[in-house]
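For reference, the structure is listed below as structure tokens.
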Amino acid sequence: MIYEKIDFEKSINKGKVIFKEHIFYKVFDFFITLFFIAIVVFSSIMNIIKNGYSIFSISLFILSIILFFLTLYSLLNNSKLKAFNGIYENNRKLVFDIFSDGEWTVIKNNSKYVILSKGYNWYSWDFGKQITIFFLDDKILINCTSFGRGNTKSPFHWFANRRIENKLITKLEFKLNK
């Protein structure tokens, strides 16, 4: 996983986590995923050409188009930061109280942000998750990213990542209102 390669200033300005990595890897991650989804769309088109306009062929084509656009949406929005209004003095303490159960490991902890990681286990479909939490004056910015093989960001866990972010925000709100 990409632990310490985050550009804090660019991330805050753009509203999404910006990793410090070579442009080749960014382009490769984006296009390799779209390439495999495009193969599914192409094979469904070939199925229509080969078998005609059957209900199965058309439904497979429609499903592959939906899968293509959902994957594209996930790729474009995978690194967005979700904001939470906290209290300046207690933001870091609130976050560490929530993650004190030991399920997540603190990878990087500095004055600007914290990176927590949860590695691969037998029950997950991804190869690890990473939560990046930025601390601003009165805000907490949160992003959860899943990884596939070879540190590629996985677009197929977008809903699970958003659910983790929403759970964290709910826990922060509960702790803040105590």
In terms of heavy-atom contacts, does NZ of K82 have more than 12 from other residues, nucleotides or ligands at under 6.0 Å?
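Count over threshold, so yes.
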Between [X] and [Y], is any pair of side-chain heavy atoms under 4.5 Å apart?
X    : Y    : value
V40  : F36  : no
N47  : F56  : yes
K167 : R162 : no
F135 : V95  : yes
L141 : L136 : yes
I107 : L116 : no
I115 : Q130 : yes
V41  : I65  : yes

Knowing that exactly one of L168, V106, T105 qualifies, which makes a side chain to side chain contact (heavy atoms under 4.5 Å, CB included) with F99?
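So, applying the side chain to side chain contact (heavy atoms under 4.5 Å, CB included) to F99 and each of L168, V106, T105, only L168 qualifies.
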Are the side chain of S43 and the backbone of I39 linked by a donor-acceptor contact shorter than 3.5 Å?
yes
Can a donor-acceptor pair be found, under 3.5 Å and without considering hydrogens, that links the side chain of S11 to the backbone of I18?
yes
Nearest-0.5 Å distance that lies between atom [atom1] in [X] and atom [atom2] in [Y]:
X    : Y    : atom1 : atom2 : value
I58  : L63  : CD1   : CG    : 13.5 Å
K80  : N143 : NZ    : CG    : 11.5 Å
L172 : F84  : CG    : CZ    : 5.0 Å
T71  : L67  : OG1   : CG    : 4.5 Å
W158 : N78  : CH2   : CG    : 9.0 Å
D7   : E9   : CG    : CD    : 7.5 Å

Of the non-hydrogen atoms in I164 and K129, which two are nearest, and what is the gap between them?
CD1-CD, 3.4 Å
Can you give me the closest heavy-atom contact between C144 and E165, atom names plus distance?
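That closest heavy-atom pairing would be N-OE2, 2.8 Å.
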side-chain contact (heavy atoms from CB on, under 4.5 Å) for L81 and I142? Distances and angles first, verdict last.
CA-CA 5 Å; L81 291 166; I142 303 164; over 6 Å; no
State whether a side-chain donor-acceptor pair under 3.5 Å links S54 with S57.
yes
When you compare the side chains of N161 and S146, does any donor N or O come within less than 3.5 Å of an acceptor on the partner?
yes
Please tell me whether [X] and [Y] are part of a single hydrophobic cluster in this structure, the criterion being side-chain heavy atoms less than 4.5 Å apart.
X    : Y    : answer
I66  : F69  : yes
F42  : F68  : yes
I131 : F174 : no

Test side-chain contact (heavy atoms from CB on, under 4.5 Å) on I133 and Y113 and set out the steps.
CA-CA 5 Å; I133 304 171; Y113 62 91; over 6 Å; no
Can the ring centres of F134 and F8 be said to be less than 6.0 Å apart?
yes
